[in-house]
Novice: 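There's a structure below that I have some questions on.
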There are 4 protein chains.
Amino acid sequence: MARPRSDDKRSAIIAAAIRVIASEGLGAATATIAKEAGVSNGSLFTYFETKADLMNQLYLDLKAEMAATALEGLPTKSSIRKQMQYAWSHWLRWATSSPEKRRTLAQLAVSDDITPASHQAASNAFAGIRELLERSRENGPMRAAPLAFVASLMNALAEAATDFMIRDPANAEEHSKAAFNALWRMIA
Amino acid sequence: MARPRSDDKRSAIIAAAIRVIASEGLGAATATIAKEAGVSNGSLFTYFETKADLMNQLYLDLKAEMAATALEGLPTKSSIRKQMQYAWSHWLRWATSSPEKRRTLAQLAVSDDITPASHQAASNAFAGIRELLERSRENGPMRAAPLAFVASLMNALAEAATDFMIRDPANAEEHSKAAFNALWRMIA
Amino acid sequence: MARPRSDDKRSAIIAAAIRVIASEGLGAATATIAKEAGVSNGSLFTYFETKADLMNQLYLDLKAEMAATALEGLPTKSSIRKQMQYAWSHWLRWATSSPEKRRTLAQLAVSDDITPASHQAASNAFAGIRELLERSRENGPMRAAPLAFVASLMNALAEAATDFMIRDPANAEEHSKAAFNALWRMIA
Amino acid sequence: MARPRSDDKRSAIIAAAIRVIASEGLGAATATIAKEAGVSNGSLFTYFETKADLMNQLYLDLKAEMAATALEGLPTKSSIRKQMQYAWSHWLRWATSSPEKRRTLAQLAVSDDITPASHQAASNAFAGIRELLERSRENGPMRAAPLAFVASLMNALAEAATDFMIRDPANAEEHSKAAFNALWRMIA
DNA sequence: GATGAATGAGTATTCATTCAT
DNA sequence: AATGAATGAATACTCATTCAT
C-alpha cells in the first residue's frame, strides 16, 4: 500500500487489464489480469487498492489517451471546421485501430464501478475537444443548447460511427466522413 | 390437471427483475429477484431456464414495449415528418418516464448474456420505426448510406437525448425537440 | 399414498429406474426416472413413498429375479455338483445378459440407502441357493466355517467372474466354468 | 517467498476426507471435509482442483498404502506359499484395522468419479502382489487363465474375508487363514 | 388417482482481498 | 516490495417431496 516502486508494473497491469477485459468482460478475475501482466495476484493490490480502483484508473487512462490522440498535431491555424474534422478523424481512427481498448472502454463506460469523480475527470480530459465543439456550434442552430448536451450528441455519434466502421472496415473512411458531415449539419 | 403455470408469476418475476437490476445491476442474484417477486428461488427456474434466459426475455419484453409505445396511435395520414416526430416524442417519453426500465434496458443492451438471436429479434420489433426512418431520409443527404448506419445514429441520438432529459427534467420537452430537430437536420 | 391402482405403472417405474440408474448412477433424479417411465414426477411418489423406498424395492426385485433365474428348472434329481453347476451357470448367464440390471444392482448393493432389512430380505431370496451351497460343502474343507462366510465367498466369486465375462464375452462360457471349478475346489 | 503450500494441510484434508466419507458416503460436502480438516472451504481447492480430483488422489493414496502394507517386510527368501500368506495376512490386517479407510476405499472403488487412469495407476501399485500371485499359480489348476482373472478372484476373496473379519472380529485370524487356504486350493 | 407447479434446503466452486513468509 | 496461500462470503442451479387443481 506504500508508494509502489515500478511504473513498469503499473503499466503492465493496465495493459493486461485491457486485453483481459476486452476478451472476458468486466467479470474478469483480478488473478487473471495479474497473471497476464506477469505479476503475482498479491502485487496487483499494491498498485491498485481495489479492483474498482484499477477500473477507474484504467478508464481514465483510456479516455485521456483517446482525447490526446484526437488533438495531437491539431492544425490550430486552420478554420474551425478543418480543426474539428481533424480531431474527429483522429478520434475515430484511434477507436477503430485499437479494438481492445475500445471494447474495454465501452464496458467501463457503463460500469457501476466507475465513480462520478472519474466521469468528471474523464470529461476534463476532453476539455480541448469541448472547446473545439463550442467554437463549432457558436453560430449554429444549437448555439443555445447546453454545451454538455451537444457534447453528448457528438459523443453518441462518434460511438455509433465507430461501431459501424469496425463492422464494415472496407468503407471505414467513408463512414467517418459521413458521420462528420452529419455532425456538422447538426451543429453548424 | 395440475396447478397451471401462472402468467402473473412470470410477470411478477419480470417486473421484479427490472427493479432489482435497475438498482443492483446485472450482477443481481436470482434469489434477490425471486424474493422481490414473492416467489421461491426454485420457482424462478420453472419460468426461466437460466438466469441468461431471464435476461434475454426481459430484454425482448422491454424492447418490444418501447417500440410499441413509440408507434401507438401513429397519425398515419400526416406528413412523414409529423409521424416521425410523433414516434420520437413517444419513444423518448417512455424512456424518460420509466427510468428503471430504461436503466435495466441499458445494462442488458451491453451484456454478453444477450444472444445474437435476441438482438435480432429486438431489431425486428423496431421494423415499424425503421420504416419511418427510411421514408424520412429518402430524399435527404444520407439517402445513400446504409439504413442500419442511419438507424444506429438515430438510436444514439435518442439515447443521448434521453440521458439529458432525465438529468434535466425541467426542460425535457425542449431537449426532446432539439434532438429531433438535430436528427432531422442530419437526415432530411 | 393410498393403495396405488396400477401394477403396470409400478413396473414401468421399476423398469425405468433400472435403465436410468444403469446410465446415470444412483444420483439420477426421480423426475428423470418418472419421465422415462412415462409418468408424472408426482405419481412416482404414490407408488413409492420416497426415493429410498424405490431403491430398496428395486434392489429386492432384482435380487429375487436373479435367484429365481438361477434355480428355474433345477435338475433336482441330479447330483449336488450338477445342481450347483446348473444354478451357477444360470446365475452368471442372467448377470451377463442383463447388463443394465447388473450395473444397477451393483450400485444398489453398495448404497447406503439399502436398509439392513432389505439386505436380510435379499438374503432370504437366496435361501434355495444357500441350501445348495450347504449340501455342496458339507463334506468339504470348509464344512466347519459359518455358512454365511462361504456364501460370501461364493458371491464374491460370482461377481468377479461376471465382471470378467462381460469384459471378455468371447470366452464367457469358459470363464464361467473356470470360476465354478475354482469354487468347487474351494468348498467340496 | 510466500507461504509455501503445506504438506500437512494436504494430509489433513485427505485424512478428514477418509473420516467424513466413511461416515457420510461420497455425497459428503466439500465444506464438511474442509471443516473436519480445520481448513477453510476455499483452501481445499488450492490443494485439490475439484472434488473429483480429491477423490482420485484419495483413492490412489489408499490403494498404495494398502499394497505397501501388504508387502512390507516380505520374507523374500521363504517359499512362495509363505510369502503369499505373509502378504495376504498383512493385507487383511490393514483392511481390518483401518475400517474407515476400508469403507472409504470401498465406496471410491465403485464411484464414477474415479477415472480409468486412476484405476490403472492403482493397479500398478499392486504389481508386486500380482507377481506373487503369478508365481503362486504357475503350476496350479488356473495356470492357463488370464492373470487378471485370477487377480480379480483373489481380490474378491480378500474383500469377502475382510467383511467377515470385521463383522466377527473374535475369529478374525481364523477367517483370514480359512480364506487363504481357500485361495490356495483355488490356484495352487 | 394423476398431474406438474411450488418449495427451499443444499452444494461445488470462484474471487477479491489479506497476510505470513 | 513481492509472492501466492488462506480466507469465507457469495451464487446459480438441482431435486426430493408436497400440494393445489
Side-chain angles (χ1 to χ4, degrees), chain A residues 1-6 9 27-35 38-55 113, chain B residues 1-6 9-10 27-35 38-54 113, chain C residues 1-6 9 27-35 38-55 113, chain D residues 1-6 9-10 27-35 38-54 113:
Chain A
M1 311 257 173
R3 178 69 47 77
R5 200 170 53 191
S6 151
K9 260 173 203 172
T30 51
T32 307
I33 294 171
K35 176 180 279 187
V39 174
S40 74
N41 54 9
S43 275
L44 188 149
F45 289 91
T46 102
Y47 289 87
F48 303 92
E49 289 197 26
T50 62
K51 187 185 187 183
D53 182 33
L54 167 58
M55 298 305 184
D113 282 345
Chain B
M1 270 181 226
R3 208 175 325 186
R5 223 178 264 200
S6 137
K9 233 159 240 180
R10 200 199 100 103
T30 52
T32 308
I33 295 172
K35 176 180 283 187
V39 178
S40 77
N41 44 15
S43 274
L44 188 149
F45 291 93
T46 101
Y47 289 87
F48 303 93
E49 290 198 22
T50 60
K51 188 186 187 184
D53 182 32
L54 167 58
D113 280 347
Chain C
M1 310 256 172
R3 179 67 49 76
R5 199 170 54 190
S6 152
K9 262 174 202 172
T30 52
T32 307
I33 295 170
K35 176 180 279 187
V39 175
S40 74
N41 54 8
S43 275
L44 188 149
F45 289 91
T46 100
Y47 289 88
F48 303 92
E49 289 197 29
T50 64
K51 187 185 186 182
D53 182 32
L54 167 58
M55 298 305 185
D113 282 344
Chain D
M1 275 183 217
R3 206 176 325 187
R5 221 178 266 199
S6 136
K9 234 159 239 181
R10 201 200 99 102
T30 52
T32 308
I33 295 170
K35 175 179 282 187
V39 177
S40 77
N41 45 13
S43 274
L44 188 149
F45 290 93
T46 101
Y47 289 86
F48 303 93
E49 289 198 21
T50 61
K51 187 186 186 184
D53 182 32
L54 167 58
D113 281 347

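Order of the sequence lines sets the chain letters (A, B, ...), proteins ahead of strands, with each chain counted from 1. Keep in mind the model is a prediction, meaning the values are calculated, not measured.
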Novice: Tabulate below the donor-acceptor pairs under 3.5 Å that side-chain atoms of residues 38-48 of chain B make, not counting sequence neighbours, or state none.
Specialist:
unit_1: B:S40; atom_1: OG; unit_2: B:S43; atom_2: N; d: 3.1
unit_1: B:S40; atom_1: OG; unit_2: B:S43; atom_2: OG; d: 3.4
unit_1: B:Y47; atom_1: OH; unit_2: B:S6; atom_2: N; d: 2.9

Novice: OP1 or OP2 of E:dA5 sitting under 4.0 Å from any side-chain N/O of B:T46?
Specialist: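 No, because none of the side-chain N or O atoms of B:T46 sits under 4.0 Å from OP1 or OP2 of E:dA5.
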
Novice: May I have the distance from B:R3 (atom CZ) to F:dA20 (atom P), rounded to whole angstrom?
Specialist: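 Value for this atom pair: 6 Å.
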
Novice: What pattern of brackets, bars and dots sums up DNA chain F from 5' to 3', given Watson-Crick or G-U wobble pairs under 3.5 Å, [ ] for crossing pairs and | for another strand?
Specialist: .||||||||||||||||||||

Novice: Between A:V39 and D:L44, which is nearer to the 5' end of DNA chain F once each is assigned its nearest nucleotide?
Specialist: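 Between the two, 5'-proximity favours A:V39.
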
Novice: Starting at atom CG of A:D113, determine the distance to atom P of E:dC15, rounded to an integer number of angstrom.
Specialist: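 To the nearest whole Å, that distance equals 15 Å.
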
Novice: Once side-chain hydrogen bond (donor to acceptor under 3.5 Å, both in side chains) is applied, do any residues pair with C:D113, and if so which ones, sequence neighbours excluded?
Specialist: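 Once residues adjacent in sequence are excluded, C:D113 has no partner under the side-chain hydrogen bond (donor to acceptor under 3.5 Å, both in side chains) criterion.
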
Novice: Let me have a per-nucleotide readout for nucleotides 8-15 of chain F, 5' to 3', with B, S or -, counting only protein heavy atoms under 4.0 Å.
Specialist: BB--SBB-

Novice: May I ask you to evaluate whether B:R5 reaches the phosphate of E:dA5, defined as a side-chain N or O under 4.0 Å from OP1 or OP2?
Specialist: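 Affirmative; the distance criterion is met.
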
Novice: Starting at atom CZ of B:F48, determine the distance to atom P of E:dA6, rounded to an integer number of angstrom.
Specialist: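 Taking atom P of E:dA6 as the reference, CZ of B:F48 is at 12 Å.
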
Novice: Can you tell me how far apart CD1 (B:I33) and CG (B:L54) are? Round to the nearest 0.5 Å.
Specialist: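 Output value for this atom pair is 5.5 Å.
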
Novice: Under the 3.5 angstrom rule, does the side chain of B:K51 hit a backbone N or O of B:A29 as a donor-acceptor pair?
Specialist: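 Looks like no, no N/O pair under 3.5 Å.
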
Novice: Quick check on E:dA6: is either OP1 or OP2 less than 4.0 Å from any side-chain nitrogen or oxygen of B:K9?
Specialist: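 For B:K9, the contact criterion (side-chain N or O under 4.0 Å from OP1 or OP2 of E:dA6) is met.
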
Novice: When all nucleic acid strands are considered with a 4.0 Å heavy-atom cut-off, which category describes B:Y47: base, sugar-phosphate, or nothing?
Specialist: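 Result for B:Y47 = sugar-phosphate.
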
Novice: What integer distance in Å separates A:K35:NZ from E:dT14:P?
Specialist: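 Taking NZ of A:K35 and P of E:dT14, I get 13 Å after rounding.
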
